[in-house]
Amino acid sequence: MTAVPTPLDSAHAAMQSDPGDQAAAMRFYHLLADTPLLLLLEQEPDGSQIAPRVFDLDTGPVLLAFDTVERMGMLSDGPLAYAELPGRVIVAQMARQGLALGLNFGSGATSETLLPPEAVDWLVEMVATPALREVEAVPQDFFAPTNLPPALTGALAIAVGSAPGLARVAYLVGVRYGGGRIGHMLAVLDAHPDAVGPLAQAVAQAIGFSGLDAAEIDVTFLNSSDPAVLRIADAGISYAFPPAPIRKPSVQPAAPGSDPAKPPRLR
């Protein structure tokens with residue numbers, strides 16, 4: 001078993017320590033959706049198609065996924081076929097099929113758990129693409145954010161941490177618009193042009209996991225040179241995006257699910 005607890009271990013332990021803490025439960029499921037997991041397969045992937053290994057338990061069919069190679073390796077002394085996919089991609093392929101998801105089964109990890117089919121279907125609905133709407137408003141003043149649920153800051157941290165290299169930093173700030181409307185805004189700085197849409201969706205999903213309606217926070221994308229950035233940075237809570245991973249040249253084919261435009265197909 002991995003000696004150092006993983007983020008999923010910590011989130012699951014927090015959820016288990018207080019079953020009535022809805023915010024802790026949402027943090028765990030949000031993290032599960034965004035964490036790359038190793039899904040056990042019957043055989044090595046065939047192009048874009050994967051065949052998950054199905055385990056028939058007394059409670060019904062189960063797929064197994066792990067958050068580290070070491071934990072997966074505890075199942076067998078020999079090689080195992082697997083695909084590394086975000087949790088959201090795995091559950092999306094499992095939806096409405098009566099399949100349960102076993103996380104870190106047999107590893108003794110703190111996060112070892114079973115998501116029954118109804119939990120899988122619920123998570124699929126949570127990570128479904130939320131409807132976004134564009135609004136035009138002119139900010140007049142910025143101030144420190146207030147009266148927001150504690151779960152929001154954690155949800156935004158997960159969203160930002162799962163988007164390495166797509167932007168530089170984001171600031172959550174209170175805002176007063178012309179006309180007197182007061183609200184909150186997340187200002188994302190120096191986002192890659194192709195990442196604006198996906199980042200807006202990720203933020204909307206994070207807000208949903210925090211328990212708020214996505215319409216309660218506005219999202220804007222700015223360059224660091226924008227005159228308003230200094231005032232936003234002074235008043236807001238900052239979330240730094242991780243740097244883009246260094247990719248080594250490889251002649252190996254891309255792993256199934258690594259291209260968002262070509263999700264893997266279960267067989």
Between CD1 on residue Ile90 and CD1 on residue Ile50, distance to nearest 0.5 Å: 7.5 Å

Rounded distance [0.5 Å steps], CZ in Arg96 versus CD in Glu118: 14.5 Å

Heavy-atom pair of closest approach, residues Gly98 and Pro61: O-CG, 3.6 Å

Connected via hydrophobic side-chain network under 4.5 Å: Val120 and Leu103: yes

Closest non-hydrogen atom pair, Ala155 against Ala206: CB-O, 3.2 Å

Common cluster, Leu186/Phe143, ILVMFWY with side-chain heavy-atom separation under 4.5 Å: no

Distance, nearest 0.5 Å, that separates CG of Leu37 from CG of Leu64: 11.5 Å

Whether over 12 other heavy atoms sit under 6.0 Å from Phe142 CZ: yes

Closest contact, heavy atoms only, Ala100 versus Pro116: CB-CA, 4.0 Å

side-chain contact (heavy atoms from CB on, under 4.5 Å) between Arg88 and Ser162, intermediate numbers included: CA-CA 12 Å; Arg88 65 177 66 240; Ser162 301; over 6 Å; no

Same cluster (ILVMFWY, side-chain, under 4.5 Å), Val62 and Leu40: yes

Donor-acceptor contact below 3.5 Å, side chain His184 vs main chain Pro145: no

Whether Phe209 and His30 hold their rings parallel, tilted or perpendicular, with breakpoints at 30° and 60°: parallel

Nearest non-hydrogen partners of Val160 and Pro242, listed with the distance: O-CD, 3.4 Å

Worked check of side-chain contact (heavy atoms from CB on, under 4.5 Å) between Leu152 and Ile207: CA-CA 6 Å; Leu152 178 63; Ile207 294 170; 4.2 Å; yes

Separation between CD1 of Ile182 and CD of Gln140, rounded to the nearest 0.5 Å: 12.0 Å

Thr153: side chain to side chain donor-acceptor pair (under 3.5 Å) partners, not counting sequence neighbours: none

Donor-acceptor contact below 3.5 Å, side chain Asn223 vs main chain Ser225: no

Short side-chain to backbone donor-acceptor contact, Gln205 and Met126, under 3.5 Å: no

Within-4.5 Å side-chain heavy-atom neighbours: Leu57 and Phe105: yes

Nearest non-hydrogen partners of Ala137 and Tyr177, listed with the distance: CB-CD2, 3.5 Å

Working for side-chain contact (heavy atoms from CB on, under 4.5 Å), residues Arg71 and Thr6: CA-CA 11 Å; Arg71 290 172 175 177; Thr6 66; 3.5 Å; yes

Separation between OH of Tyr239 and CD1 of Ile158, rounded to the nearest 0.5 Å: 11.0 Å

Shared hydrophobic cluster, Val203 / Leu148 (ILVMFWY, side-chain heavy atoms < 4.5 Å): yes

Check: Ser224 main-chain N/O paired with Asp190 side-chain donor or acceptor under 3.5 Å: yes

Tyr171 to Ser238 - nearest heavy-atom pair and separation: CE2-CB, 3.4 Å

Asn104 side chain to Asp67 backbone, donor-acceptor under 3.5 Å: yes

Any donor-acceptor N/O pair, Asp218 side chain to Met185 backbone, under 3.5 Å: no

Co-membership, hydrophobic cluster, residues Val175 and Leu222, 4.5 Å side-chain: yes

Tyr82 side, atom OH; Glu44 side, atom CD - distance, nearest 0.5 Å: 8.5 Å

Residues Leu38, Glu84; criterion side-chain contact (heavy atoms from CB on, under 4.5 Å); working and verdict: CA-CA 5 Å; Leu38 309 177; Glu84 182 173 2; 3.8 Å; yes

